[in-house]
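Computed over heavy atoms, backbone and side chain alike; hydrogens, waters and symmetry mates excluded.
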Amino acid sequence: MTEAAAPVLAVAGLRKEFGELVAVDDVSFALPEAGSLAIVGESGSGKTTVAKMIVGLERPTKGTIVACGNDRSKPARSASDRRRRGREVQIVFQDPYTSLDPRQTVEATLDEILRLHHGWPKERRRERVRELTDLVGLDARQSRALPRGLSGGQRQRVAIARALAAEPRILILDESVAALDVSIQAQVLNLLADIRDETSVSFVLISHDLAVVRQLAEETIVMWRGRVVERGATGRVLDDPQDDYTKQLRASVPRPGWKPQRRSVVATEEA
Amino acid sequence: MSTTAAAVSADATPRRGAFSLLKATGPVGIGAAVVIALATLVAIFGPLLAPYDPTLSDLSLSWVAPTGGHLLGFDGQGRDLLSRLLVGARTSILGPLAVVILCMLAGTVLAVTAAWRRGAVDAAISSGLDIMFAFPGILLAVLAASVFGAGLLAAAVALAIAYTPYVARVLRGAALKERSQQYVAALEVQGVSARAICMQHLVPNMLPLIVAQSTILFGYAMVDLAAISFLGLGVQPPNPDWGVMISENQAGIVQGYPLSALLPGLCIVLVVVAFNVLGERLFEQAQKARQ
Amino acid sequence: MSASRPVAGAATTAGHRPNAALLQVERLTVRLPVEGAQREVLRDVSFDIRGGEALGLVGESGSGKSMTARAIDRLLPAGAEVDGSIRFDGGEVGSLTGGDLRRYRGLVAMIFQDPRAHVNPVRRIGDFMTEALRTNLDVPRSTAERRAVHMLAQVGIEDGERRLRQYPHELSGGLLQRVMIAAALLTEPRLLLADEPTTALDVTTQAEVMAILHDLRREFDLAMLFITHDLELAAAVCDRTVVMYAGQLVEMRSAARLHDDPLHPYTAALAAARPDIGQSARRLRAIPGRPLSAFEAPQGECAFAPRCPHAVDECRTGVPELVDLDGGRSRCVRASELRGRLGVAAGD
């Protein structure tokens, strides 16, 4: 990896404690401009907590987060500061059924974000709303609909459009396709690839699904119980894993001829 | 299961108008709405509609049954009953309205603040509410009367204070649930201010509950205020007020002239039931629409 | 394993013949009340499950896969209308009542995707696990608890006595799902209906749970209907796989051959739409449109035709029948013509 340009997102020594529990322990990584990084892990790995810290929904116990050259390790001080951070990093969540305000049409949802970030007149905003809905593949009827008139896949498209309305440099996808049907998932993955081509936004992909990671991410870090256990180019990490956990993860993916193995260690996990 | 429902409402267009929501409550709901509308009209135009001066008293006519131009007869003090009912509607309805507006405002602010800030702020507000729960409405009204003197305003404020913890408790649950939805997190990440999120998103999504609470509380407030006036601590005679009228004309019941005490009671019951029925059905419809 | 009590009306009484169909679903059609009207969610579904066999049921939203399991276990929502027949061990399931129905539920057990939604949070694990044994089979509590502890050990939970006294919220999702499996097996069922049992679990936990199911099935000669949206998972753990779309069965195939030699365009499209863990594609081959329920799909023609890359006029003239082909079945009029050209490796 060349150090030619500064990374658009740099995380160093990130740590999060919830009382006694250490959810994230000494996590560091860098995302290059227009790059794509996947954070792979299962429940309890801390990957979602890392995402929340980057967007400011959780506050790091220790460590630094620098996005677009600005430090965001501490909470934002002012309203304009918060808005600026919103224009740097955006997020698309997993659950399409709660990530939209049920009382707002798609157009109203997008318009609100445009009004927040840009002082544009009504006509310009309306035009931009149309551009965004076109970009994510929603037609006129869907744009005027309330969330309850849209399917899960369509709602995720709205969530993506809303995130893009802020014109962020970094887009975090927190298991954004996990709740979708396979055929819809493919459509949304293609959409995300197209968006990357058209806008050069950088992706951070949080996922437990290794095939999705292979499809979308160039670099991968693997998290287990709060720590990074492996990192590298996605192809290398998946084809030639070095860490035991990564190997186990890779071996657990169903494929023709796969015979599930019971672990020799008996389950002792607590809730 | 959600796919089937979503597919069928694929043509859901934005928020139905108030009228279609009302129509959906069925004939009973519409009937209740009509009663409330009439009561509101009377509350506003009562004095203009009253055929006679409600305070004009002629003791020689006390308890006289309906006759001539006096459709409902006279009360114990010889005053035209119909006129007193029409004019009394004003305080009987506007009084509870003031109570509801005050306690809903206070309760909503407290609930949303507690739910948004969570942690120590929530704990402090909840403890404060617990303390307020200890004061029943009527007792507070009596206290207010002894401090500020008897009158509608003191009674209404006292009741509003007494009702606030109930409102806040119910709304806090709804506010917490709404706050934990992912769209709120998405708006926070966008940089929308806490106040904007609460006022433009959180509270509007709690509207069905707020409306339902308001209508139920209106009923309670109406009865409580009538009771307070009945005790002589609220609206003062000779002002017509349905609660006061019941008190003044109690004697008539045992003497064989029940009309002047029963009719104001009937008015109270009618309006309270109408509010409860409508509120409940509106809530149901709003819940269904949210699916 | 004790001899199972026969279901009322069963043709056989002494055990089951090894390759006779244990469960026979024939022309099952189900209508549910949706927004006031009765709408079809399952249309003309027919398949068999033999004793000890694992049948995979694969589909997306609206395919009707969950409804099929519920119909078999008599768990359809109120107002459902059922046509067609479901026979277990020769006896008609739809007409069972009272004691017979309870015995049937002991023979056909079901586990769900989200165990927490199907367990009473204020009752201990032990209560919940032993309930069916105590109430339906009159087993004394101490015996029932001993069996529960033994079964927990079989699913990899060693400290069974302690677990019996715990509450559901004290266990993780994976652990609770194992408990559900153990509980389901306590009544010595002959058929297990598993509705996406591992979808909500981590992939490593999923592997563990699938291994447990595999071992237990072999030990208890248990048949399984395994419902999932994951084609690869079904292909790996089942003997045969059935693919459903818009409430209809569109393909039935031995699991090993489904992925490489599908007989229906939908199956092929589903397999092709999935990203490949071995390499990144420039673009995934997404299916245009979205999966439909039975009542949303166009009537009087192939339900998949609007989204099918191989559709021709003939596909829209009537609902295609299931045709037998090379040991499998396909609901495509062009099945034999497209044979060999639908595979993931082959192009369109």
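We find the OH-CZ distance between Tyr183(B) and Arg155(A) to be 13.0 Å, quoted to the nearest 0.5 Å. In this structure, Thr98(A) OG1 and Gln182(B) CD are separated by 4.0 Å, a value rounded to the nearest 0.5 Å. One distance of note links CD of Gln104(A) with CG of Asn205(B); it measures 9.0 Å at 0.5 Å rounding.
Around CZ of Phe203(A), the count of heavy atoms belonging to other residues, nucleotides or ligands within 6.0 Å exceeds 12. The number of heavy atoms from other shown groups lying within 6.0 Å of CZ (Arg169(B)) does not exceed 12. Atom NZ of Lys52(A) is surrounded by 12 or fewer heavy atoms from other residues, nucleotides or ligands within 6.0 Å. The neighbour count for Arg169(A) CZ, taken as heavy atoms of other residues, nucleotides or ligands under 6.0 Å away, does not exceed 12. By the 6.0 Å contact criterion, CZ on Arg117(B) is open, its count of non-hydrogen atoms from other residues, nucleotides or ligands being 12 or less. Annotation: Arg124(A), atom CZ; neighbour count of heavy atoms from other residues, nucleotides and ligands within 6.0 Å is above 12.
Listed by sequence position, Arg82(A), Arg83(A), Gly86(A), Val89(A), Gln90(A), Ile91(A), Phe93(A), Gln94(A), Asp95(A) are the residues of residues 69-96 of chain A in contact with chain B, using a 4.5 angstrom heavy-atom cutoff.
When every heavy atom of Arg103(A) is checked against every heavy atom of Pro204(B), the shortest pair comes out as NE-O, 3.0 Å.
In terms of non-hydrogen atom pairs under 4.5 Å with chain B, the most contact-rich of Leu57(A), Val55(A), Leu116(A), Asp101(A) is Asp101(A).
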Stepwise side chain to side chain contact (heavy atoms under 4.5 Å, CB included) check, Gln190(B) with Glu112(A): CA-CA 10 Å; Gln190(B) 285 286 355; Glu112(A) 178 180 6; over 6 Å; no
